Amino acid sequence: MHTGWRAALLPVGLILAAQVAATATQLESDTLASPADIARALAAILTDGSLARATLDTLKAAAAGCALGVGLGSFIGILLGLFRIADDLLDLTIELLRPVPVVALIPVTMMLLGFGAQMEIVIITLGMLWPSVVLARAAVKEVEPRLMEVSRVMQLGFAARLVKIVLPAILPQLFMSLKLAAGYALVVAVTVEITANPQGLGYGIMMAQQALRPAEMFAYLLWIGAVGWLLSLLLNATQRRLFPAHGRGEPR
């Protein structure tokens, strides 16, 4: 905590410099705004409730897509890690699909589902799916071989082996996968809203840009950064509480 003020020096310094420059040049622009104007715009969209509604829309879509993508991807990854035949059969398919940018799937998904929250959730789910598959599969393969040998000696069925041996061993890695996916889900949600879904924070940015309201546009951008930062803090705190040994390296 004692280093927090040092971390704030650069952003505070940049804000002050930007305000001084805007004041000195008497900035009037359709593309830029002074920090003071951005602060006023942020207060305005906070007061009228539009920012709260947009934030709720974005977070609902991001949370749903993240939960579905990480849950399904982790399950598939665990199956691949446990069954060598399935891993061999699907390895090439995964490696072919994994590099496809999720934004490239937006036109296809729009053709199938149209505009709206359902389409956004599907895109986020697909974006979270393959990274979760890869991370879960790698985590299972790193489980202590002696534990797997014990499960075979005890003749545990798949469900028992999963619950008693595999999941306890890989839960920290699965939570790390969730942490990474949560930040990425917010990015994908905003991207979809800018390009294809008329709601949420991304749509707010686009509307402000089209209406030539740069202060409001930057206010949305700063708010998205703040939401992502708070989400990261929450997940880091949860990780330290649930998995102390794995959360020691996280910033406090």
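Because the structure is a prediction, the values reported are computed rather than measured. Residue indices begin at 1 and follow the sequence shown.
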message = Hydrophobic cluster membership, with links at side-chain heavy-atom distances under 4.5 Å among I/L/V/M/F/W/Y: are Leu135 and Ile76 in one?
response = no

task = Treat each ILVMFWY residue as a node, draw an edge where side-chain heavy atoms are under 4.5 Å apart, and state whether Leu235 and Ile170 are in one component.
result = yes

inquiry  = For the backbone of Leu234 and the side chain of Thr238, can you confirm whether one donor and one acceptor N or O come within less than 3.5 Å of each other?
reply    = yes

ask   = Any idea which heavy atoms bring Ile45 and Asp48 closest together, and the distance?
value = O-OD1, 2.9 Å

ask   = Does any non-hydrogen side-chain atom of Val100 lie less than 4.5 Å from one of Leu126?
value = no

message = Quick check: do Met206 and Thr195 have side-chain heavy atoms less than 4.5 Å from each other?
response = no

request  = With the side chain counted from C-beta on, respond yes when Ile224 and Ile205 share a heavy-atom pair under 4.5 Å apart, and no when they do not.
outcome  = yes

query = For residues 208-222, which residue pairs qualify under side-chain hydrogen bond (donor to acceptor under 3.5 Å, both in side chains), counting only residues two or more places apart or in two chains?
reply = Arg213-Glu216

task = List the atom of Gly77, the atom of Ala136, and the distance in Å for their closest heavy-atom pair.
result = CA-CB, 3.9 Å

Residues which pass salt bridge (charged side-chain N to carboxylate O under 4.0 Å, His left out) with Asp37, listed by chain and number, not counting sequence neighbours = Arg40

ask   = Of all heavy-atom pairs between Val163 and Pro168, which one has the smallest distance, and what is that distance?
value = O-CD, 3.2 Å

Heavy-atom check, side chain of Pro107 versus side chain of Met110, under 4.5 Å = no

ask   = Within a strict 4.5 Å, meaning less than it, do heavy atoms of the Val103 and Ile106 side chains meet?
value = yes

message = Please determine whether residues Leu46 and Leu222 belong to a single hydrophobic cluster, defined as Ile, Leu, Val, Met, Phe, Trp and Tyr linked transitively by side-chain heavy-atom distances below 4.5 Å.
response = yes

task = State, with a plain yes or no, whether a side-chain heavy atom of Glu193 is found less than 4.5 Å away from one of Leu201.
result = yes

message = Could you work out, with side-chain hydrogen bond (donor to acceptor under 3.5 Å, both in side chains) as the rule, every residue matching Thr55, not counting sequence neighbours?
response = Trp223

remark   = Here the pair of heavy atoms bringing Ser74 nearest to Leu174 is OG-CD2, 3.9 Å

request  = State, yes or no, whether a side-chain contact exists between Thr191 and Val102 at a heavy-atom distance under 4.5 Å.
outcome  = no

query = Would one find more than 12 heavy atoms of other residues, nucleotides or ligands at under 6.0 Å from atom CG of Leu96?
reply = yes

Leu113 versus Val122, closest heavy-atom pair with distance = CD1-CG2, 3.6 Å

ask   = Heavy atoms, side chains only, cut-off 4.5 Å: are Val70 and Ser132 in contact?
value = yes

remark   = Residue pairs passing the ring-ring contact (aromatic ring centres under 6.0 Å, His included) test with at least one member in residues 21-41, sequence neighbours excluded, are none

task = Sorted by first residue and then second, give each ring-ring contact (aromatic ring centres under 6.0 Å, His included) pair with at least one member in residues 32-71; sequence neighbours left out.
result = none

key: Cluster overlap Ile15 with Phe218, hydrophobic side-chain contacts below 4.5 Å   = no

ask   = Does Leu59 share a hydrophobic cluster with Ile194, counting links as ILVMFWY side-chain heavy atoms below 4.5 Å and allowing steps through other members?
value = yes

message = Please give me the minimum heavy-atom distance between Gly69 and Met128, naming the atom from each residue.
response = CA-CB, 3.8 Å

Salt bridge (charged side-chain N to carboxylate O under 4.0 Å, His left out) involving Glu95 - partner list, sequence neighbours excluded = Arg98, Arg137

inquiry  = The test is side chain to side chain contact (heavy atoms under 4.5 Å, CB included); show your working for Leu82 and Val166 and say whether it passes.
reply    = CA-CA 9 Å; Leu82 290 175; Val166 176; 3.8 Å; yes

request  = Can you run down the ring-ring contact (aromatic ring centres under 6.0 Å, His included) pairs that involve residues 72-126, sequence neighbours left out, and say none if there aren't any?
outcome  = Phe83-Phe158

key: Contacts of Gln19 that satisfy side-chain hydrogen bond (donor to acceptor under 3.5 Å, both in side chains) - sequence neighbours left out   = Thr23

note = Sequence neighbours excluded, the answer for side-chain contact (heavy atoms from CB on, under 4.5 Å) partners of Leu97 is Thr93, Trp130

request  = Any chance you could measure Leu231, atom CG, to Asn236, atom CG, to the nearest 0.5 Å?
outcome  = 9.5 Å

note = Interatomic distance, CE@Met119 vs CG@Leu105, rounded to 0.5 Å, equals 11.5 Å

message = Could you walk me through whether Leu167 and Ile78 satisfy the side chain to side chain contact (heavy atoms under 4.5 Å, CB included) test, starting with their C-alpha distance in whole Å, then the side-chain angles of each, then the deciding distance to 0.1 Å, before giving a yes or no?
response = CA-CA 9 Å; Leu167 283 179; Ile78 290 171; 4.0 Å; yes

task = Please identify each residue that fulfils side-chain hydrogen bond (donor to acceptor under 3.5 Å, both in side chains) with Arg84, with sequence neighbours left out.
result = Asp88

task = Only pairs at least two apart or in different chains count here, so list each ring-ring contact (aromatic ring centres under 6.0 Å, His included) that has a residue in residues 171-205.
result = Phe175-Phe243

key: Distance, nearest 0.5 Å, that separates CD1 of Ile124 from SG of Cys66   = 9.0 Å

message = My understanding is that only residues two or more places apart in sequence, or in another chain, count here; which of them pass side-chain hydrogen bond (donor to acceptor under 3.5 Å, both in side chains) with Ser177?
response = none

message = Run Asp87 and Lys141 through side chain to side chain contact (heavy atoms under 4.5 Å, CB included) and show every step you take.
response = CA-CA 11 Å; Asp87 193 20; Lys141 290 182 176 180; 2.6 Å; yes

